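Please read the structure below before turning to the comments.
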Protein chains: 2
Amino acid sequence: MAGKADRAATEAALVWERPERGTRGPAPERSREQLTEAAIGLADAGGLAAVSFRQVARELGTGPASLYRYVAGRDDLVDLMVDTATGEIDLDAELTGDPVTDLVALATRTQRVHLRHPWLLEVPPEALRVGPRGLDYLEFALRALKPVAGLTGPGKLEAVAVLNALVAMLSGVELRARRSPTGRQAAQAAYLGAVAGRGGHPLLAAALAGGAADGPADGAHLGAGDAAGAGAGFERVVRRVLAGLLVPDPPVR
Amino acid sequence: MAGKADRAATEAALVWERPERGTRGPAPERSREQLTEAAIGLADAGGLAAVSFRQVARELGTGPASLYRYVAGRDDLVDLMVDTATGEIDLDAELTGDPVTDLVALATRTQRVHLRHPWLLEVPPEALRVGPRGLDYLEFALRALKPVAGLTGPGKLEAVAVLNALVAMLSGVELRARRSPTGRQAAQAAYLGAVAGRGGHPLLAAALAGGAADGPADGAHLGAGDAAGAGAGFERVVRRVLAGLLVPDPPVR
DNA sequence: ACGTAACCGCGAACGCCGTTCGCAGTATTT
DNA sequence: AAATACTGCGAACGGCGTTCGCGGTTACGT
């Protein structure tokens, strides 16, 4: 009784579980890989918003409806894009055996991918989206975490999640620092400066204006939480966070 | 020469810099606050996607076009929503003087707001969006960070950014753990389990299946990076990360 | 005092979006 | 040879953000 409806509901909800093509009809003229490639191209150029079924279809010389033979909807396409980008992270690096060092290196390689594909930061993190390459990534990170004693399995996964969130955020900072500020961004900076001068937020004003020990810090060229010597600071911040997260016995105070 | 065009380009790009109403015409029948309230109501119920100009207008008994008298576009509305939600974070708490303790407390209060307004996690972090209450929040965080010696001003802002990213991620974990898994989520969990059983990712399989020291960890009830005893673990993780981030001299190795 | 400039409300419309339907054509199974 | 399961895709649906333009209203400039 439940069999059929049950199967229809649970069966193949994710792309990874659906076969790329059936065994019956004519050979498909395109492939998931082609769709993904076209979509990533569009996203690299114009952000995730530029990835519409209509645009992707145009890129491939067909109509939007045709894409549904390869993919169940836009979500599937994004899944494929994310997993493909994840696959660009090099997982062949040798491990030194020191988890912090190895994860910092992994984070650096991950950030490079983020900088190459800024749309990754626009992907809504609501639904998780872990495909085959994502699983390889997790497995690699867990391998790097193997020597850590004080953490349970789920605890290690949580550490990886923290690392990913950290890399994403720092990549966003770096991206905004590189791009010449768009209208909105300039407006935010201006607003921030204006409020800082208004006197109600002295510490914020001080933090924005001064105190850069090593880098240029005129202040206005960066966004809000963005003010930081991002380039060289990346490894430093990641290392510190990981060190704090992985120590067997946390500092008590 | 540049005066007019320049002003038109830079003038009042953000909601906070535009007056709520002019001095000329009839009094507006509604207010930005009402729009914001309606929008937040819709978002609380149906996610950020449920916040459309048409829906908000319907909620207020008018047409979509009318809203443009209060707000320049959807982005402005989201700005208002975020800042209003930020205002729900209590900033009247006494500071103990220990930055880590004070920031952990702040993080906990922030998480409560995230859990009350899950749509906050769906807000694209691309554009920063810091309004008046956001500034108050930053000022408060910087006040808590005042005793920290080894960090420059921008460095402190960076630390706050890390904290926020961390809270957002952990809130997402907590939210997914509470909600009964939707179709997609269940599918992800099933896929994860299937791959774990396939043998190619032994460490991942182990991490998913075992090793929960204190909480229920059957594995399937959680998503991918989500496996963790999230509830009680929140403070622990935040404390560790902050401790690592704020130590004057980072561990060398 | 009064003309006019600036503002409010809003119906109608534009161009985009994701997605569904249905049909003609094609390859495989029975 | 019939049945079956697939492919490609034109047409259409409902929803979206946003713009235009118009009639009515208020306050400023003189």
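Because only heavy atoms are used, hydrogens play no part in the values below, and waters and symmetry mates are left out as well, while side chains stay in. Not measured: the values here are computed from a predicted model. Order of the sequence lines fixes the chain letters, A, B, ..., with proteins taken first and strands second; residue numbering starts at 1 for each chain.
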Take the protein atom [atom1] of [X] and the nucleotide atom [atom2] of [N], then report the distance between them rounded to whole Å.
X: Glu29(B); N: dT25(D); atom1: CD; atom2: C1'; answer: 11 Å
X: Arg69(B); N: dT18(D); atom1: CZ; atom2: P; answer: 15 Å
X: Leu67(A); N: dG10(D); atom1: CG; atom2: P; answer: 12 Å
X: Arg21(B); N: dA27(D); atom1: CZ; atom2: C1'; answer: 10 Å
X: Asp76(A); N: dG18(C); atom1: CG; atom2: C1'; answer: 13 Å
X: Arg54(A); N: dA12(D); atom1: CZ; atom2: C1'; answer: 10 Å
X: Asp75(B); N: dC16(D); atom1: CG; atom2: C1'; answer: 14 Å
X: Leu35(A); N: dT7(D); atom1: CG; atom2: P; answer: 12 Å

Open item on the list: Could you check whether any side-chain heavy atom of Phe234(A) comes within less than 4.5 Å of a side-chain heavy atom of Val167(A), counting everything from C-beta outward?
Closed with: yes
Task: Student check: side-chain heavy atoms of Tyr191(A) and Val195(A) closer than 4.5 Å - done: yes
Open item on the list: Please classify the nucleic acid contact of Val71(B) as base, sugar-phosphate, or nothing, using heavy-atom distances under 4.0 Å.
Closed with: nothing
Task: Pairwise 5' ranking along DNA chain C for Tyr70(B) and Gly25(A), keeping only the more 5' one - done: Tyr70(B)
- [ ] Would you mind telling me which residue lines up with the more 5' stretch of DNA chain C, Glu20(B) or Ala49(A), judged by nearest nucleotide?
- [x] Glu20(B)
Open item on the list: Any donor-acceptor pair under 3.5 Å linking the side-chain atoms of Glu88(B) with those of His117(B)?
Closed with: yes
Task: Pro28(A) side-chain proximity, nearest of dG21(D), dA27(C), dG8(D) - done: dG8(D)
Task: Minimum-distance nucleotide (side-chain atoms of Pro26(B) versus dT7(D), dA27(D), dT25(D)) - done: dT25(D)
Please determine if a side-chain N or O atom of [X] lies less than 4.0 Å away from the OP1 or OP2 oxygen of [N].
X: Tyr68(A); N: dT20(C); value: no
X: Arg74(A); N: dG18(C); value: yes
X: Ser52(B); N: dC16(D); value: yes

- [ ] Tell whether Arg24(B) reaches the base of dA5(C) with its side chain through a donor-acceptor pair below 3.5 angstrom.
- [x] yes
Open item on the list: Tell me if the CD atom of Glu139(A) is crowded by more than 12 foreign heavy atoms within 6.0 Å.
Closed with: yes
Open item on the list: Would you say that more than 12 heavy atoms from the other residues, nucleotides or ligands in this model lie under 6.0 Å from the CD of Glu122(B), or not?
Closed with: yes
- [ ] Would you sort out whether Asp83(A) and Arg133(A) count as a salt bridge (charged side-chain N to carboxylate O under 4.0 Å, His left out), showing the intermediate values?
- [x] CA-CA 6 Å; Asp83(A) 205 58; Arg133(A) 329 296 293 263; 5.1 Å; no
Task: Interface residues of residues 56-66 of chain B with DNA chain D (non-hydrogen, below 4.0 angstrom) - done: Pro64(B), Ala65(B)
Open item on the list: Less than 4.0 angstrom from a charged side-chain N to a carboxylate O is my criterion; do Asp90(A) and Arg112(A) meet it?
Closed with: no
